[in-house]
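For reference, the structure discussed in these notes is given below.
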Amino acid sequence: MAVEEQSMTAVPAAEARGRHYKWIALSNTTLGILMVTINQSILLISLPALFRGINLNPLVPSNTSYFLWVFMGFLLVTAVLVVSLGRVGDIYGRVRMYNLGFAVFTLFSILLSVTFMSGVGGALWIIIMRVFQGLGGALLFANSTAILTDAFPVNERGKAMGINGIAAVSGSFLGLMLGGVLAPIEWRLVFLVSVPFGLFGTVWAYLMLRDNGVRIPAKIDWIGNTLFAVGLISVLTGIVYSLLPYGGHPDGWTNPYVLAAIFGGIAVLVLFTWVETKVAAPMFRLSLFKIRAFTAGNIAGLLGALGRGGIQFMLIIWLQGIWLPQHGKSFSETPLWAGISMVPLTVGFLIVGPLAGWMSDRYGARLFATTGLAVSAVSFLLLELLPINFSYAWFAALIFLFAVGMGLFFSPNQASVMNSLPPEQRGAGAGMLNTFQNSATVLSMGLFFTIVTLGLASRLPKALYSGLVKAGVAPGPAHIVASEPPIGSLFSAFLGYNPVKELLGPTGAFAHMSASQVTYITGRSFFPHLIEQPFAGGLHLAFTFAAGATVIAIIASAARGRRYVHGVVEAEAPADAVTGEMVSLPVDAELADEIPRVDQSGALDQSGALDESV
């Protein structure tokens, strides 16, 4: 009798745990994604304090590569490894790989915060530790979306992706503000701030998360993984180094090493796609691209990221280099205030993201994702109409509108892609989605910097030379400064340095000028007034490019078809009474847990559902 009572009470307890597990999975993965995205952006604001802390001037030409790798290394690693690590999660367990990611991320956050070296050695230590921290972030990125898809039924995945997406976007802007607050106190705090959350998340994930997805034993595709990593690293590294001037040109697109890296990387990626069709257990099943919802969602995500990826950096440079100094902020204060000025972006996504996810659960992703991209494209075009010295109310309204558009797009698109995948391919599929978006973000930054730099190169030297001479600088030093590549001025503004002081100081021109002249040209408004018109031309080209990429993304999003869920087929006939195979399921049955397609023997159909839509 006692045993019977115990079993009766155990069943409701198990059911309760099952009902609540999806919220445990959502809260833990949201914490993980929030932690990673905070660390992606926290250095945008903290770099000046970090380089002062290790006694290295990032604007010295020989140190520029260290600046780029400290800044971009984390993003490169997360872009390259998420597909491979997602596939590893499919084979060995997504929760196991996710837990490992939490632990790795936390360990290297600690090692970053105890940096004891300075100069080049300190920079190399930070770069290496950031790369391994990025490995932990890639493990979290690669498996969190698949864990959520396993935990939530079809009719709630959009809502879950929306809440998780809030963490991703909010983390980006919380990182800006945390960097501005913590870095002036102690630069190591920007890494140490993640440690308590990482320790808590590691233990919590280990105790509470469980693998409930479909796992198919398979060998790791070492050849495919190697080719993919080499090809993508080569392409992205080439894009990063294209930002550096070469051979008298304002950028590095004529550098033979840059071109070799990019085109060589593309050739390796082409070889990767061929190899993946030949190996027995490929890293990524290219046949998944036969699923229209998967392909359209990935193309829309890639082009959307290509349009928006560099915008954040252009807006920060706009604020830090021009607008904030003209409105009373010193260059050293501009990083923090740039983060505060961008808050409407976070607010817009916070409001719209979960609502869009919930609505897409009920009505499908196509309408909301496509409308969101259209709103984003309109916001880019409206930003072109904004004067360089704008009224903040209009700026805030337009970036809020942009955030609303991305909120409408993000979670419906994520849910649409994940719903289309066979359960055993969710890790690799989520990794591919993240790789497309992260790689497009890096490419977008390279393209946006190139567009703006080319615009500056055609107009800034003349404006800078005449402005300096009129202010009392001798023609010789003024010519030297005006001949410097404009990327130096952008990096100075981005890092919160006074560009005129950094560029003119080494020439010795200040020694031949009166104190009032030096005060004037190193003041808050001199450089912004010189650069605002040359900068405006390049910025408008960047916004036009972003709008164009987003328009193509709109077409891809609209082409995704009606709502499609893997394993759910449209009602046409009753179930086969002989085999028991389900050959019909009303569309409304999407509101139940997904049902894997089975063959007559009851085995899971490994070919995946390749129908275009339901």
Side-chain angles (χ1 to χ4, degrees), residues 158-159 161-162 165-166 168-169 172 292-312 314-315 342 344-386 394-420 433 436-437 440-441 443-444 447-448 451 539-564 613:
K159 176 174 64 178
M161 301 295 175
I166 285 176
V169 175
S172 298
R292 188 166 75 178
F294 178 80
T295 302
N298 272 287
I299 293 174
L302 184 148
L303 290 168
L306 187 63
R308 73 175 183 273
I311 285 294
Q312 177 177 330
M314 292 299 103
L315 294 178
M342 300 277 279
L345 272 172
T346 304
V347 174
F349 198 94
L350 283 172
I351 295 172
V352 177
L355 181 62
W358 177 73
M359 294 293 285
S360 71
D361 286 333
R362 295 174 61 87
Y363 303 109
R366 179 165 59 175
L367 173 64
F368 298 99
T370 306
T371 301
L373 289 169
V375 170
S376 297
V378 169
S379 68
F380 289 137
L381 296 175
L382 291 176
L383 280 167
E384 282 199 51
L385 303 177
L386 205 63
W394 285 108
F395 178 82
L398 290 179
I399 64 173
F400 177 84
L401 180 65
F402 169 69
V404 167
M406 294 319 301
L408 283 169
F409 169 75
F410 182 82
S411 54
N413 191 65
Q414 292 273 106
S416 173
V417 170
M418 295 306 296
N419 281 338
S420 71
L433 179 63
F436 279 144
Q437 296 189 46
T441 298
L443 176 59
S444 178
L447 290 174
F448 276 48
I451 291 169
L539 187 65
H540 289 160
L541 285 175
F543 285 140
T544 301
F545 172 83
T550 307
V551 167
I552 302 173
I554 291 170
I555 297 171
S557 180
R560 77 177 71 230
R562 292 176 292 166
R563 192 194 316 192
Y564 171 73
S613 63

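Fair warning: this is a prediction, and the values are worked out from it, not measured in the lab.
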Check your understanding: Got a donor-acceptor contact below 3.5 angstrom from the Ser557 side chain to the Ala553 backbone?
Key ->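 Side chain of Ser557 to backbone of Ala553: no pair is present.
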**Study point:** Main-chain N/O of Ala415 paired to Asn419 side chain as donor or acceptor, under 3.5 Å
**Key:**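 Yes: the side chain of Asn419 pairs with the backbone of Ala415.
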Exercise answer: donor-acceptor pairs, residues 371-381 side-chain atoms, under 3.5 Å, sequence neighbours excluded:
| residue | atom | partner | partner atom | Å |
| --- | --- | --- | --- | --- |
| Thr371 | OG1 | Leu367 | O | 2.6 |
| Ser376 | OG | Gly372 | O | 3.1 |
| Ser379 | OG | Ser376 | O | 2.6 |

Among residues at least two apart in sequence or on other chains, which ones pass side chain to side chain contact (heavy atoms under 4.5 Å, CB included) with [X]?
{"X": "Phe410", "result": "Phe349, Gln414, Gln437"}
{"X": "Ala403", "result": "Leu345"}
{"X": "Ala556", "result": "Ile299, Ala300"}
{"X": "Leu385", "result": "Leu382"}

Point to revise | Residue pairs fulfilling ring pair (Phe, Tyr, Trp, His ring centres under 6.0 Å) with at least one residue in residues 351-372, sequence neighbours excluded | key: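 Those involving residues 351-372 do not exist here.
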[X] versus [Y], closest heavy-atom pair with distance:
{"X": "Ala365", "Y": "Ser360", "answer": "CA-CB, 4.1 Å"}
{"X": "Ala356", "Y": "Pro412", "answer": "O-CG, 3.8 Å"}
{"X": "Ala296", "Y": "Ala559", "answer": "CB-C, 4.2 Å"}

Could you measure the distance from the [atom1] atom of [X] to the [atom2] atom of [Y]? Nearest 0.5 Å is fine.
{"X": "Asn413", "Y": "Thr370", "atom1": "CG", "atom2": "OG1", "result": "9.0 Å"}
{"X": "Phe436", "Y": "Leu443", "atom1": "CZ", "atom2": "CG", "result": "13.0 Å"}
{"X": "Phe395", "Y": "Leu386", "atom1": "CZ", "atom2": "CG", "result": "7.5 Å"}
{"X": "Leu383", "Y": "Leu315", "atom1": "CG", "atom2": "CG", "result": "6.5 Å"}

Practice item. Applying side-chain hydrogen bond (donor to acceptor under 3.5 Å, both in side chains), name anything that partners Ser416, two or more places apart in sequence or on another chain. Key: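 Per chain and number, Ser416 pairs via side-chain hydrogen bond (donor to acceptor under 3.5 Å, both in side chains) with Arg560.
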Exercise for review: With sequence neighbours excluded, give me every side chain to side chain donor-acceptor pair (under 3.5 Å) pair touching residues 295-304.
Suggested key: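 Sorted pair list comes back empty.
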Exercise for review: Scan for side chain to side chain donor-acceptor pair (under 3.5 Å) pairs involving residues 543-555, sequence neighbours excluded, and state none if there are none.
Suggested key: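 Pairs touching residues 543-555 that pass the test: Glu384-Thr544.
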Practice item. Side-chain contact test, heavy atoms from C-beta onward, threshold under 4.5 Å: evaluate it for Phe402 versus Leu398 and give yes or no. Key: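 When only atoms from C-beta onward are counted, Leu398 and Phe402 do not touch, as no gap falls below 4.5 Å.
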Exercise for review: List for me each residue that meets ring pair (Phe, Tyr, Trp, His ring centres under 6.0 Å) alongside Phe545, sequence neighbours excluded, and say none if there are none.
Suggested key: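 Expected list: Phe448.
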